[in-house]
Amino acid sequence: RQALGLNAGQTPLWLWEAKRAQDHSAAGHVSSLVKYLAETELHMAIGPERRTTFPGSMPMAWAAKPLKTERRRLEEHWESMGERLRAKRLEEDVFIRAFLDGCLSWSRARDLVGLSALLQQPGLALPSP
């Protein structure tokens, strides 16, 4: 929340984002969950619409379509650049080991999937039309 400039009580995820994260969690897909949340953070950081449209800032029905479209376009852009996060290549035991060692925090998970480094790279935002 602090990195995104959110207050302690402010929800960072829209309902559909939280639902998808819960689906990954319920299915036990640890690496998919971490990758999804990391790409959501990336979307929040560089998506022009998502960066300024926080849950509760407008009715969900108005926000869903443009934000989901923006995310898909960003994911396609990152894929074309070869810059998708590497959680698919990480075995879930990497996260489980870090958790059991008492070192799994969001900062550590971000580093494991490459988000911290990726946020430093130029060109991740969609090119201007």
Side-chain angles (χ1 to χ4, degrees):
R1 285 188 169 100
Q2 184 179 13
L4 297 168
L6 300 174
N7 298 325
Q10 195 172 2
T11 303
L13 300 178
W14 284 93
L15 185 59
W16 69 85
E17 293 169 328
K19 169 101 174 69
R20 183 129 182 240
Q22 290 168 348
D23 290 347
H24 286 302
S25 178
H29 300 150
V30 177
S31 59
S32 296
L33 171 63
V34 172
K35 180 179 183 285
Y36 177 74
L37 291 173
E39 286 189 345
T40 299
E41 183 178 342
L42 188 57
H43 182 202
M44 294 164 89
I46 66 170
E49 292 289 327
R50 185 61 176 91
R51 186 173 47 230
T52 59
T53 310
F54 296 102
S57 64
M58 68 172 52
M60 187 170 62
W62 295 356
K65 187 174 181 178
L67 293 179
K68 288 178 180 181
T69 299
E70 179 180 76
R71 172 136 181 179
R72 272 191 304 278
R73 291 184 61 222
L74 282 166
E75 288 172 348
E76 290 167 2
H77 177 62
W78 301 330
E79 191 73 44
S80 73
M81 295 174 60
E83 293 297 347
R84 287 298 295 268
L85 293 171
R86 61 178 175 251
K88 280 189 176 177
R89 295 188 300 268
L90 286 175
E91 296 295 326
E92 291 191 359
D93 69 319
V94 172
F95 298 108
I96 293 169
R97 270 193 312 243
F99 174 76
L100 293 174
D101 289 344
C103 333
L104 186 60
S105 62
W106 183 242
S107 298
R108 178 73 177 125
R110 290 169 91 239
D111 290 342
L112 287 171
V113 296
L115 179 61
S116 300
L118 195 56
L119 282 167
Q120 306 303 315
Q121 292 187 13
L124 293 176
L126 289 168
S128 300

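Counting begins at 1 with the first residue of the sequence.
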Query raised in the report: Shortest non-hydrogen contact from Ser116 to Asp111?
Result: OG-OD1, 2.6 Å

Report summary line: Closest non-hydrogen atoms of Pro12 and Met44, given as atom of the first, atom of the second and distance, are O-CE, 3.1 Å

Query - Donor-acceptor pair, side chain of Thr69 and main chain of Lys65, under 3.5 angstrom - result: yes

Query raised in the report: Between Arg50 and Thr40, is any side-chain donor less than 3.5 angstrom from a side-chain acceptor?
Result: no

Query raised in the report: Rounded to the nearest 0.5 Å, what separation is found between the CG atom of Leu37 and the CZ atom of Arg20?
Result: 10.5 Å

Requested in this report: Please round to the nearest 0.5 Å and tell me the distance separating atom OG of Ser31 and atom CG of Leu112.
Outcome: 11.0 Å

**Report entry** Shortest non-hydrogen separation from Ser25 to Leu33 and the atoms involved
**Finding:** CB-CD2, 4.2 Å

Query raised in the report: So Tyr36 and Asp23, side-chain contact (heavy atoms from CB on, under 4.5 Å) or not? Walk me through it.
Result: CA-CA 11 Å; Tyr36 177 74; Asp23 290 347; over 6 Å; no

Report task. Check Leu42, Leu119, Val34 against Arg110 for a side-chain contact (heavy atoms from CB on, under 4.5 Å) and give me the one that passes. Result -> Leu119

Query raised in the report: Below 4.0 angstrom, N of the basic side chain to O of the carboxylate: do Glu76 and Arg72 qualify?
Result: no

Query raised in the report: Yes or no on side-chain contact (heavy atoms from CB on, under 4.5 Å) for Glu39 and Arg71, after CA distance, side-chain angles and deciding distance?
Result: CA-CA 9 Å; Glu39 286 189 345; Arg71 172 136 181 179; 3.5 Å; yes

Query raised in the report: Judged by atom type as modelled, is there a donor-acceptor pair below 3.5 Å linking the side chain of Trp16 to the main-chain atoms of Met60?
Result: no

Query - CA sep, side-chain torsions, deciding dist, call: Glu41, Trp106, side-chain hydrogen bond (donor to acceptor under 3.5 Å, both in side chains) - result: CA-CA 11 Å; Glu41 183 178 342; Trp106 183 242; 2.7 Å; yes

Query raised in the report: Is it true that a side-chain atom of Thr53 and a backbone atom of Glu49 form a donor plus acceptor pair closer than 3.5 Å?
Result: yes

Query - Pairwise distance CD1(Ile46) to NE2(His77) - rounded to 0.5 angstrom - result: 7.0 Å

Report task. State, to 0.1 Å, how close Trp14 and Gly56 come at their nearest heavy-atom pair, and which atoms those are. Result -> CH2-N, 3.9 Å

Query raised in the report: For the hydrophobic clusters of this structure (ILVMFWY residues joined by side-chain heavy atoms under 4.5 Å, transitively), does one cluster hold both Leu67 and Met58?
Result: yes

Report task. Carefully, step by step, assess Leu118 and Val113 under the rule side-chain contact (heavy atoms from CB on, under 4.5 Å). Result -> CA-CA 9 Å; Leu118 195 56; Val113 296; over 6 Å; no

Query raised in the report: Do you know the tightest heavy-atom contact between Trp78 and His43?
Result: CH2-N, 4.1 Å

Report task. Compare every heavy atom of Pro48 with every heavy atom of Arg51, then report the nearest pair and how far apart it is. Result -> NH2-CA, 3.6 Å

